[in-house]
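In what follows, a single structure is set out as structure tokens and then discussed.
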Amino acid sequence: MERNGKLPKIYLTAVFLVLYAPIFYLIFYSFNSGGTMSHFESFTWEHYAAVFEDKRLIVIVLNTVVVALLSALISTAIGVMGAITIHYMKNKAMRNAMLSMNSILMVSPDVIIGASFLILFTLVGIKLGFASVLLSHIAFSIPIVVIMVLPKLQEMSPTLIDAALDLGATRKEIMSRVILPFIKPGIFAGFFLALTYSLDDFAVTFFVTGNGFSTLSVEIYSMARTGVTLTINALSGLIFVITAGLILGYYFISNRPKTPAAGVKR
Amino acid sequence: MKTNRASLRLSMVPYSLWIILFVIAPIGLIVYYSFFDLSGNFTIDNYKNFFTSVYLKLTVSSFWYAFLITFFSLLISYPTAYFLTKLKHKQLWLLLIIIPSWINLLLKTYAFIGLMGLYGPVNALLESVGIGKQQILFTDFSFVFVSVYIFIPFMILPIFNALDKLNPALIDASRDLGANAWITFRRVIWPLTLNGVKSGVQVVFIPALSLFMITRLIAGNKVITLGTAIEQQFLVTQNWGMGSTIAVFLIVFMVVILLLTSANERGMAGSGKKR
């Protein structure tokens, strides 16, 4: 655009400022030796030290990470199987039914997912805690994985499988040496999305977590309701760094395998 | 091919089990529980209750707030997405817009408690300008503002994708034929990006109806949405029947909104969440 006035730049700058303001605000005060978020006294690492001294908090962080990793792994496995099932389904009506079932959990409000899972777990007799949180995280991550893997399967030319069959490949070999390598970028994307969804989830976890078990989101919620401690700020600083790392990891992995995949295509 | 079919069947099992256990069963249970009262009797009182003034008011105000949140998100996101597509490294800038949405929701909300608090920087600014300290937290304004803040990236994404796909030759053609900027926008750009707007509205409006954490932390329980009501019934009052009834209505509203905003072309699912 040649008549690129100042207005777009000012507008975008304002949007970016507002988007990042709360994050940097939190991180800024995490270095404050004073106890509040309004007067900056002097630089200190003490709140970061406090995070690492707080055994309860560390356990909660570990819980969160373990739930996220486990649920992402399991949901990726089931999601990939689901995507393959849907993709190779002959019956069109069944296929569409499965696809809409799949999207139900994606668009359902968290509150409904949480409430309905609470009923389900209570009815079946699963104790609220680690198991119920893990199960629900797996459950709401599966559709995301399916959505990320399906387009990759659709991209794959069916002649590839015919060729492999002609060359004498068994069905196992077709799966492990043709299909899975081809859809790998989708699998990774699904895994990382599932991971971040699990790390970020509050509403569903809040419903199905019992008294003894807590994840970071739930913990921050109760901390925020009781009052301000700069430990949360330090924690958010750490989380920001880790999240940025995860995004970069996701970015590089999802951009890397493009060349070999394109090479196979032709 | 026979073995292939068999292995397909095998891979179907876990996924189908998931659909039955975690998609169909929970919805069925919600509907089932909506017919029971606190003491476990089968009744349709919950539905009668829903149509009393309390719950109707709640529903109307919930819709009104969701509408406001969606409207302001769209108002801010459309120009943002438009300007973004004009930038040189637009994909990188888009990623920078997305990054805040990957930071834990609770942390951002928590930050606003500090930012908008009586001794926070926003009030300090207001004071130095001469307006003086205001009670910003626990008002309708703070609720809508923080919600819009949370949803903006999800609105920008689909609109950005739609604008990015737009063929610039169409805009040139429109200008060549004598249309001014406004008419070009209204008759060419807007209709062609409507699907992006629709999926944006979808990913904002439905969650906005069911927010409950922000209402508690930022609106100080002054705003009650359908989501807040469900959480209240389930976890505080322990009235699962009434909670389920509200949830049934929320599901119905969700389906209606999905039907109203479903894009004409395929590929709307997840378009807001991708990347």
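Naming: A, B, ... by sequence-line order, numbering from 1 per chain.
- Heavy atoms of B:L115 lying under 4.5 Å from chain A belong to its backbone as well as its side chain.
- Here the two rings, on B:F22 and A:F117, have centers that are under 6.0 Å apart.
- Looking at heavy atoms from C-beta onward, A:P8 lies out of side-chain contact with B:K86 at the 4.5 angstrom threshold.
- Only the side chain of B:F145 has a heavy atom closer than 4.5 Å to any heavy atom of chain A.
- Proximity to chain B (any heavy atom under 4.5 Å) is restricted, for A:F121, to the side chain, taken from C-beta onward.
- At a 4.5 Å heavy-atom cutoff, B:L211 makes no contact with chain A through either its backbone or its side chain.
- Side-chain atoms of B:N104 and A:S236, non-hydrogen and from C-beta on, never get closer than 4.5 Å to each other.
- Residues A:D110 and B:S210 have side chains that never bring a donor and an acceptor to within less than 3.5 angstrom of each other.
- Between B:F234 and A:F207, the ring-plane angle classifies as perpendicular under the 30° and 60° cut-offs.
- The greatest number of non-hydrogen atom pairs below 4.5 Å with chain A, out of B:S16, B:P168, B:P121, is found for B:P121.
- Heavy atoms of A:L235 lying under 4.5 Å from chain B are absent altogether.
- Considering all non-hydrogen atoms of both residues, B:W18 and A:A139 come closest at NE1-O, 3.0 Å.
- Of the two parts of B:P207, neither the backbone nor the side chain holds a non-hydrogen atom closer than 4.5 Å to a non-hydrogen atom of chain A.
- For A:L199, the part lying near chain B is the backbone, with the side chain staying farther off; criterion is any non-hydrogen pair under 4.5 Å.
- At a 4.5 Å heavy-atom cutoff, the contact between B:S244 and chain A is made by side-chain atoms alone.
- At a 4.5 Å heavy-atom cutoff, B:L209 makes no contact with chain A through either its backbone or its side chain.
- Heavy atoms closer than 4.5 Å to chain B are found nowhere in A:T170, neither backbone nor side chain.
- Within the 4.5 Å cutoff, side-chain heavy atoms of A:I104 are placed close to those of B:I27.
- When all heavy atoms are compared, the tightest approach of A:P22 to B:A111 is O-CB, 3.4 Å.
- Taking the centre of each ring, B:Y110 and A:Y221 stay at or above the 6.0 Å mark.
- The parts of A:V18 that come within reach of chain B are both its backbone and its side chain, each placing non-hydrogen atoms under 4.5 angstrom from that chain.
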For this session: Dump the intermediate steps for side chain to side chain contact (heavy atoms under 4.5 Å, CB included) on B:W240 and A:L118, then the final yes or no.
Result: CA-CA 10 Å; B:W240 287 13; A:L118 174 65; 3.8 Å; yes
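- The choice from A:I78, A:I119, A:L26 that makes the most heavy-atom pairs within less than 4.5 Å of chain B is A:I119.
- Of the listed residues (B:Y149, B:W93, B:F112, B:Y119), the one with the most heavy-atom contacts under 4.5 Å to chain A is B:Y149.
- When all heavy atoms of B:A247 and A:I112 are compared, the pair lying nearest together is O-CD1, 3.6 Å.
- Side-chain atoms of B:L105 and A:S217, non-hydrogen and from C-beta on, never get closer than 4.5 Å to each other.
- Residue B:L84 touches chain A through both its backbone and its side chain, counting heavy-atom pairs closer than 4.5 Å.
- Only the side chain of A:T122 comes within contact range of chain B, judged by heavy atoms closer than 4.5 Å.
- The main-chain N or O of B:G114 is never found under 3.5 Å from a side-chain atom of A:Y29 such that the two would form a donor-acceptor pair.
- Taking chain B as the reference chain and counting heavy-atom pairs below 4.5 Å, the highest number among A:A83, A:S116, A:A203 is found for A:S116.
- Taking the side chain as every heavy atom from C-beta outward, A:M89 and B:M12 approach each other to under 4.5 Å.
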Exercise. Step by step, would you call B:L87 with A:L12 a side chain to side chain contact (heavy atoms under 4.5 Å, CB included)?
Worked result: CA-CA 10 Å; B:L87 291 177; A:L12 282 181; 3.6 Å; yes
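- If you measure heavy-atom distances from A:N102 to chain B, the contacts under 4.5 Å come from both the backbone and the side chain.
- Considering every non-hydrogen atom in both A:P109 and B:I206, the closest pair reads CG-CG2, 3.7 Å.
- Only the side chain of B:Y33 comes within contact range of chain A, with heavy atoms under 4.5 Å apart.
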Problem set entry | Verdict with supporting geometry, B:F212 and A:F202, side chain to side chain contact (heavy atoms under 4.5 Å, CB included) | CA-CA 10 Å; B:F212 78 89; A:F202 164 70; 3.8 Å; yes
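- With hydrogens and angles disregarded, no donor-acceptor distance shorter than 3.5 Å links the side chain of B:Y15 to the backbone of A:I84.
- Put simply, of B:V255, B:I30, B:L21, B:L17, the one with the most heavy-atom pairs under 4.5 Å next to chain A is B:I30.
- Of the two parts of A:V218, neither the backbone nor the side chain holds a non-hydrogen atom closer than 4.5 Å to a non-hydrogen atom of chain B.
- When all heavy atoms of B:E231 and A:V111 are compared, the closest pair comes out as N-CG1, 4.5 Å.
- Screening B:F83, B:Y82, B:Y78 for a ring pair (Phe, Tyr, Trp, His ring centres under 6.0 Å) involving A:Y11 leaves a single residue, B:F83.
- Of the two parts of B:I103, the backbone and the side chain both hold a non-hydrogen atom closer than 4.5 Å to a non-hydrogen atom of chain A.
- Residues B:I97 and A:F16 meet the side-chain proximity criterion, which asks for heavy atoms closer than 4.5 Å.
- With contacts defined as side-chain heavy-atom distances shorter than 4.5 Å, the pair A:L19/B:I99 does not qualify.
- Nearest heavy atoms, A:V107 versus B:M254: O-SD, 3.7 Å.
- Chosen from B:I246, B:L250, B:L107, the residue pairing most often with chain A at heavy-atom distances under 4.5 Å is B:L107.
- Comparing B:L217, B:I251, B:I230 by heavy-atom pairs within less than 4.5 Å of chain A, the highest count is held by B:L217.
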